[in-house]
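I have placed the structure first, in the form of C-alpha cells, so that the comments after it can refer back to it.
Reckoned from all heavy atoms, side chains included, excluding hydrogens, waters and symmetry mates. Chain identifiers are assigned alphabetically (A, B, ...) following the order of the sequence lines, protein sequences preceding nucleic acid strands; residue numbering begins at 1 within each chain. What you see is a predicted model, and the numbers here were worked out from it, not measured in a lab.
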2 protein chains.
Amino acid sequence: MPEVDAFDLKILAALQDDGRLTNQQLGDLVGLSASQCSRRRMRLEEEKVIAGYHADLAGEALGFGLIAFIHITLATHSPDNAKRFRELVNRVDDIQEAYALTGDADYVLKVMLRDLKSLSDIVNNVLMPHQSVAHVRSSIVLDRLKESTKLPLKALQE
Amino acid sequence: MPEVDAFDLKILAALQDDGRLTNQQLGDLVGLSASQCSRRRMRLEEEKVIAGYHADLAGEALGFGLIAFIHITLATHSPDNAKRFRELVNRVDDIQEAYALTGDADYVLKVMLRDLKSLSDIVNNVLMPHQSVAHVRSSIVLDRLKESTKLPLKALQE
DNA sequence: CCATTTCATGCACGGATCGTGCGCACTTCT
DNA sequence: AGAAGTGCGCACGATCCGTGCATGAAATGG
C-alpha cells in the first residue's frame, strides 16, 4: 500500500495535467526543490502509482473520426468462452477499451475508427463471426462533451 | 491540414507509448538524429497533432476502485436543456468522459469513483435531481479487460 | 540540361535539466 | 539526553535541450 502525502498529490495532479513537466517546474508548482521532486517522482513511478506517461494524440487530425461503443453478449458464460473473447479483444488494435459490465450486456467495447465502413467491418467480420459472441449492438458517438482520464484528485486534497 | 509522414507516425507511436522519451531515445527508435526529432516533435505539438502529455495514474492505488457507465435520457431535447446538461457534466469532476450517442440513451458518462456509495451520491443527488435529466441507468464495471487511449497507428504505416 | 531554390538532415555548442552524494534540521524512540 | 531515522535543499558532473549552420538531395525553372 503506497503512502501518498499532500506533496505527492500535488505532484500527481500536476503531472496528470502535463506529463512532461520539468522537476524544476514541478518544484515551483508544489513548493519543493527540483531534486526532491525528482526523488518523489521516481518513488511514485517505482510504486506504480504513476503507471506511465503518454502523448495524447488528436484522433481527428489522424483520420480517426468515429468513436463507437459496442455492447456484446456472449454465447455462453463458460470460462473457455470468456477466455476466447478476451484474446479476441487483445488482438484487435481498434478496440481501445473493454469492460465486463453488470446489466444488460456482458461487455462494452470502445473503438476509435476511421469511418462507418470500418465499424461495419469490425462488427460484421470480426465480432459477429467469432464463436464466443452471441449478440452485438453498437452506439455511435455523435458528440464528445468531455474526454479525459484525469482522476479527481482535488477531492483527496482537503 | 497537417502533413504527417512515416517518420512522424513512428514518433507519434513512440510517444504514445512513452510520453517522456528523450529526443535521443526517440531518434534511436525511429532512425533520426535527436535534433531532428526535437524539431518534428515541436511541429507536431504546434499543429496540435500531439494534444498534450499526461501521466497515467493507477486509480486503484489512489482509492478509485469503481468505474461505472451512466446512461442518461434527457427530459426534453430542447437546446436549453442540452446546454444545462453540458454545464452539469463539465462541473462534476468525477465524470471523466461524456458522449452524446445514437441509440437508446441520449448520453453516456464514464465515472471513476471510490465506492458504490459515491456512485449512489452522484446518481441520486447530482444527476437525478437535475431538471434536464429524465432517466438514469448505470452499469458497473466488473472487470477491465483493456484500457488505453492509444490510436492504432500501425494501420497507417503500411 | 544545368543553375537555383527549397528543404530535410546531422553536427556542434551553450544553456538547461537530470540524478545523486552530502550535510543539516527535525522527529521518534529508548 | 542521545541515537537512529527521515525529509529537505544545495552542489556537482553527466546528460539532454533547442538552435545555428553546413551539406546534400530533390524540386523548380529557364
Side-chain angles (χ1 to χ4, degrees), chain A residues 1-58 60-63 150-151 153-158, chain B residues 1-58 60-63 150-151 153-158:
Chain A
M1 188 80 71
E3 312 241 340
V4 177
D5 68 10
F7 282 127
D8 291 331
L9 279 178
K10 282 192 186 180
I11 289 173
L12 292 174
L15 287 174
Q16 203 172 212
D17 270 333
D18 182 353
R20 283 190 81 99
L21 281 174
T22 284
N23 288 325
Q24 184 61 54
Q25 297 171 307
L26 211 47
D28 292 343
L29 283 173
V30 308
L32 281 177
S33 67
S35 57
Q36 202 56 18
C37 285
S38 170
R39 279 187 276 253
R40 281 173 178 269
R41 204 159 57 75
M42 283 178 69
R43 180 171 56 77
L44 292 167
E45 291 167 8
E46 189 72 26
E47 293 173 346
K48 308 286 184 195
V49 177
I50 298 176
Y53 302 90
H54 304 283
D56 180 17
L57 306 184
E60 297 89 347
L62 294 163
K150 291 184 198 167
L151 300 178
L153 296 180
K154 229 184 306 177
L156 303 177
Q157 289 176 4
E158 83 268 18
Chain B
M1 191 79 74
E3 313 241 338
V4 177
D5 67 10
F7 281 126
D8 292 331
L9 279 179
K10 282 192 185 179
I11 289 173
L12 293 173
L15 288 174
Q16 202 172 213
D17 270 332
D18 182 354
R20 282 190 82 97
L21 280 174
T22 285
N23 287 325
Q24 184 60 56
Q25 297 171 308
L26 211 47
D28 292 344
L29 283 173
V30 309
L32 282 177
S33 68
S35 57
Q36 201 55 18
C37 285
S38 169
R39 279 187 276 252
R40 280 173 180 268
R41 205 158 57 75
M42 285 178 67
R43 181 172 54 77
L44 291 167
E45 290 167 10
E46 188 73 25
E47 293 172 348
K48 306 286 183 197
V49 178
I50 297 176
Y53 302 89
H54 304 284
D56 180 17
L57 306 186
E60 296 90 346
L62 295 164
K150 291 184 198 167
L151 301 178
L153 296 179
K154 227 185 306 177
L156 303 177
Q157 289 176 3
E158 85 270 16

Using a 4.0 Å heavy-atom cut-off to protein, can you give one letter per nucleotide of nucleotides 7-19 of chain D, 5' to 3': B if the base is in contact, S if only the sugar-phosphate is, - if neither?
SBBB-----SSSB
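One finds the OG atom of A/Ser35 at 4.5 Å from the CZ atom of A/Arg39 (value rounded to the nearest 0.5 Å).
For B/Arg20 (side chain) and A/Leu21 (main-chain N/O), a donor-acceptor pair under 3.5 Å exists by modelled atom type. B/Gln16 places a side-chain N or O within donor-acceptor distance of the main-chain N or O of B/Leu151, the cut-off being under 3.5 Å.
Between the axis at the start and the axis at the end of the helix from C/dC1-D/dG30 to C/dT30-D/dA1 there is an angle of 30°, using five pairs per end and rounding to 10 degrees.
Considering only residues two or more places apart in sequence or on other chains, B/Asp17 meets the salt bridge (Lys or Arg N to Asp or Glu O under 4.0 Å) condition with B/Lys150. Applying the salt bridge (Lys or Arg N to Asp or Glu O under 4.0 Å) rule to B/Arg41 yields the partners B/Glu45; only residues at least two apart in sequence or on another chain are considered. Shown here are the salt bridge (Lys or Arg N to Asp or Glu O under 4.0 Å) partners of A/Asp8, two or more places apart in sequence or in another chain: A/Arg40, A/Arg43.
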Considering only nitrogen or oxygen atoms on both sides, find all protein atoms under 3.5 Å from nucleotides 25-28 of chain D and state each distance.
none

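Using a 4.5 Å heavy-atom threshold, the side chains of A/Leu12 and B/Leu62 count as touching. With contacts defined as side-chain heavy-atom distances shorter than 4.5 Å, the pair A/Asp56/B/Ile50 does not qualify.
When all heavy atoms are compared, the tightest approach of B/Gly31 to B/Phe7 is O-CE2, 4.1 Å. Residues A/Leu153 and A/Leu9 share a closest heavy-atom pair of CD1-O, 4.1 Å.
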